[in-house]
There are 2 protein chains.
Amino acid sequence: MASLGELERAVMDLLWAGQEAATANTLRDLLAQSTHPQDGTAGHVGKDLAVTTVLTVLSRLERKGLVERERGTRPHRYQAVSSRADHTAELMHEVLGSAPDREAVLARFIGSVTDNEAETLRKLLGRN
Amino acid sequence: MASLGELERAVMDLLWAGQEAATANTLRDLLAQSTHPQDGTAGHVGKDLAVTTVLTVLSRLERKGLVERERGTRPHRYQAVSSRADHTAELMHEVLGSAPDREAVLARFIGSVTDNEAETLRKLLGRN
DNA sequence: GACTTACTTCTACGCCATGTAGAAGTTGCT
DNA sequence: AGCAACTTCTACATGGCGTAGAAGTAAGTC
């Protein structure tokens with residue numbers, strides 16, 4: 001169960017970007033202002049959502065194990081369970097894992113990686 | 001647009017497994033017999049589907065660009081556009097691509113790869 | 001302690017992907 | 001022309017996701 005919806009992803013991006021736990025209201029405001037800089041749609045202004053909408057999404061993300069909430073504080077505070085890098089890497093493993101021919105997949109994968117990234121990978125793997 | 005449904009995946013698995021293009025009827029029969037060996041559910045016997053069901057799925061897979069059909073022959077023959085390894089590798093790139101911190105992701109990714117696979121990767125990358 | 005206010009949970013609805021398949025249309029053979 | 005095989009159209013159920021109002025709960029105020 002990997003994929004996220006558009007809004008779910010937007011929320012996760014905010015949680016991943018900010019280092020602190022955030023409240024639903026904060027997130028709502030951020031969503032309203034944010035201009036989604038990383039997607040191609042420059043100038044795409046975030047929508048004005050109801051707080052309950054954000055809360056619903058957060059609940060679903062919690063159910064999926066992507067988000068944790070502190071129930072102690074009065075406005076509950078939400079934070080991502082793992083970093084975006086961790087999560088993405090996990091996703092990649094998920095995708096890879098469903099293949100019986102892992103080696104072949106890896107071959108294709110690194111075959112279409114940029115030179116820079118290949119270099120990075122070499123460093124990360126240690127020169128043996 | 002990456003994810004496949006369960007039946008869609010089953011069909012793709014058959015198309016990827018067989019080297020020849022297959023007809024909807026063939027696939028229907030294979031789906032009925034197959035015991036889905038790769039998923040954990042041992043003994044899970046495939047379902048008896050209507051041919052139209054298989055055709056619908058094939059059409060959708062065609063629309064997604066995963067499947068090609070020969071319209072010339074009378075029972076159309078279907079085949080996967082790319083190999084499973086290619087497709088999976090592409091998926092991995094898709095997942096990776098949506099991240100602004102690709103290097104970090106790669107670090108986490110190879111951090112949780114088996115020793116064997118790390119070895120494979122080293123070989124594939126060449127020691128530069 | 002009742003009231004108000006902020007916050008959370010419940011319930012709900014529309015949309016779209018997917019599984020599933022019958023009905024209707026098409027093509028080729030006899 | 002008529003039948004049989006095959007394809008396309010249409011359709012319905014289910015479930016995830018975006019979206020949010022209604023209802024419930026807690027916390028501070030008078």
Side-chain angles (χ1 to χ4, degrees), chain A residues 1-15 21-32 34 36 39 41 44-79 91 94 98, chain B residues 1-15 21-32 34 36 39 41 44-79 91 94 98:
Chain A
M1 197 229 289
S3 69
L4 297 182
E6 199 174 338
L7 179 54
E8 290 177 329
R9 173 153 298 276
V11 168
M12 285 311 296
D13 277 340
L14 288 175
L15 290 179
T23 71
N25 261 292
T26 306
L27 291 169
R28 193 211 70 88
D29 293 344
L30 290 173
L31 284 168
S34 75
H36 292 243
D39 68 23
T41 326
H44 164 30
V45 174
K47 322 166 187 183
D48 250 331
L49 297 173
V51 190
T52 52
T53 300
V54 180
L55 281 165
T56 302
V57 168
L58 284 168
S59 290
R60 289 174 182 164
L61 288 171
E62 190 187 25
R63 175 157 35 94
K64 293 185 190 180
L66 293 184
V67 156
E68 234 173 15
R69 86 168 90 182
E70 304 170 27
R71 287 195 136 88
T73 64
R74 188 41 178 154
H76 295 180
R77 301 183 81 78
Y78 299 79
Q79 61 191 329
L91 266 194
E94 238 172 77
S98 67
Chain B
M1 195 234 288
S3 71
L4 298 182
E6 199 175 340
L7 180 54
E8 290 176 330
R9 172 152 297 275
V11 168
M12 286 312 295
D13 277 340
L14 287 174
L15 291 177
T23 71
N25 262 293
T26 307
L27 291 170
R28 193 210 70 88
D29 292 344
L30 290 174
L31 285 169
S34 74
H36 291 244
D39 70 23
T41 325
H44 166 28
V45 173
K47 323 166 187 186
D48 250 329
L49 297 172
V51 190
T52 51
T53 300
V54 179
L55 281 166
T56 302
V57 168
L58 284 167
S59 291
R60 289 174 182 167
L61 288 171
E62 191 186 25
R63 174 157 34 95
K64 293 186 191 180
L66 293 185
V67 156
E68 233 173 18
R69 84 168 91 184
E70 305 169 28
R71 286 195 136 87
T73 64
R74 190 40 179 151
H76 296 179
R77 303 184 77 77
Y78 299 79
Q79 61 192 329
L91 267 194
E94 237 172 76
S98 67

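Letters go in sequence order (proteins before strands), and every chain restarts at 1.
Using a cut-off of 4.0 Å between Lys/Arg side-chain N and Asp/Glu carboxylate O, Glu62(B) and Arg69(B) are scored as salt-bridged. Look at Glu68(B) and Arg63(B) and you find no salt bridge, because none of the NZ, NE, NH1 or NH2 atoms lies under 4.0 Å from a carboxylate O.
Look at Lys64(A) and you'll find a side-chain N or O under 4.0 angstrom from OP1 or OP2 of dC17(D). Contact annotation: Lys47(B) side-chain N/O to dT20(C) OP1/OP2 distance is under 4.0 Å.
Going from atom CG of Leu27(B) over to atom C1' of dC6(D) covers 15 Å, rounded to whole Å. dA20(D) atom P lies 10 Å from atom CZ of Arg28(A), rounded to whole Å. Between the C1' atom of dG15(D) and the CZ atom of Arg63(A) lies a distance of 11 Å, rounded to the nearest Å. Atom CD of Glu62(A) is separated from atom C1' of dG16(D) by 18 Å (rounded to the nearest Å). Leu4(B) has its CG atom 7 Å from the P atom of dT18(C), to the nearest Å. Leu66(B) has its CG atom 10 Å from the P atom of dT18(C), to the nearest Å. Residue Leu61(A) contributes atom CG, which lies 9 Å from atom P of dC17(D) at whole-angstrom precision.
Between Tyr78(B) and Leu55(B), the shortest heavy-atom distance links the atoms OH-CD2, 3.4 Å. Nearest heavy atom pair, residue Pro75(A) against residue Thr23(A), reads CB-CG2, 4.1 Å. Taking each heavy atom of Leu61(A) and Met12(A) in turn, the nearest pair found is CD1-SD, 3.8 Å. Minimum heavy-atom separation, Ala21(B) to Glu70(B): CB-OE2, 3.9 Å.
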(message) I'd like to compare against my own output: the B/S/- annotation of nucleotides 7-16 of chain C with a strict under-4.0 Å heavy-atom distance to protein.
(response) BBB--B----

(message) Determine whether Leu7(B) and Val54(B) satisfy the following criterion, side-chain contact (heavy atoms from CB on, under 4.5 Å), listing intermediate values before the conclusion.
(response) CA-CA 9 Å; Leu7(B) 180 54; Val54(B) 179; over 6 Å; no

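For Ala50(B), counting side-chain heavy atoms from C-beta on, the closest listed nucleotide (dT18(C), dA21(C), dT19(D)) is dA21(C).
Between Leu7(A) and Gly72(A), the residue whose closest nucleotide on DNA chain D is further toward the 5' end is Leu7(A).
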